[in-house]
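Read through the structure below, which is laid out as structure tokens, and then see the notes.
Order of listing sets the numbers, starting from 1, for every ligand and every atom in it. Residue numbers run from 1 in the order of the sequence given.
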Amino acid sequence: MPVPTDEVERRVSQLATSLRGSGLRLTHQRLEVAREIAADESHPDVETIYRGVRKRVPTISLDTVYRTVAALVDLGLVGRVNENPGPTRYDANRERHHHYVCTRCGLIRDVYSDTLNGIEAPEQVSGLGTVESVRVHLRGVCKTCERKGNDSER
Ligand SMILES: [Zn+2]
Ligand SMILES: [Zn+2]
């Protein structure tokens with residue numbers, strides 16, 4: 001399920017505006033890295049972003065991708081996701097959302113829910129410190145992995 005084109009364009013223009021505002025030069029390569037993250041709902045890691053951008057910009061280096069992603073994270077435009085062991089994944093969706101995570105294949109999908117948004121931190125947490133956000137991680141086995149599991153049992 002790809003991110004809808006108008007949503008990708010909205011995210012890319014947001015990223016471009018903020019990059020420009022930060023004083024970072026908005027090169028074609030940086031913009032393509034931003035586009036790749038914005039269009040990929042899978043929460044890609046750097047290698048995956050690199051493979052995607054290379055299809056459009058064959059001359060781009062892995063190093064440029066690393067540095068651009070790091071800059072986008074520093075600017076708060078892209079979030080780091082560490083739901084699973086393995087390389088850090090990146091998230092260009094800045095809307096309030098939660099994550100569904102497959103514990104077998106590492107799939108990460110965005111989940112929108114007013115019910116989950118409404119969850120309040122328990123009283124006991126106030127003893128630990130302030131709470132800025134509450135994010136729910138739903139873990140389980142995705143449909144694809146479930147199907148694979150059933151096939152191998154036969
Ligand atoms: Zn899975
Ligand atoms: Zn997400």
Output the atom name for the N/O/S atom of His97 with the smallest distance to the Zn ion (ligand 2). NE2
Just checking Arg80: does its CZ atom have more than 12 heavy atoms from other residues, nucleotides or ligands closer to it than 6.0 angstrom? no
Salt bridge check: are Lys143 and Glu146 linked by an N-O gap of less than 4.0 Å? no
Taking the Zn ion (ligand 2) as the vertex, measure the angle between atom OD1 in Asp110 and atom OD2 in Asp91; round to 10°. 160°
Under a plain distance cut-off of 3.5 Å, with no hydrogens placed, do His43 and Asn93 share a side-chain donor-acceptor pair? no
Can you confirm whether the side chains of Ser61 and Asp63 place a donor and an acceptor under 3.5 Å from each other? no
Which atom, counting only N, O or S, brings His99 closest to the Zn ion (ligand 2)? NE2
Arg89 side-chain N/O to Gly106 backbone N/O, donor-acceptor pair under 3.5 Å: yes
To the Zn ion (ligand 2), the closest N, O or S atom belonging to His43 is NE2
Roughly, to 10 degrees, what angle do Cys105 atom SG and Cys145 atom SG form around the Zn ion (ligand 1)? 100°
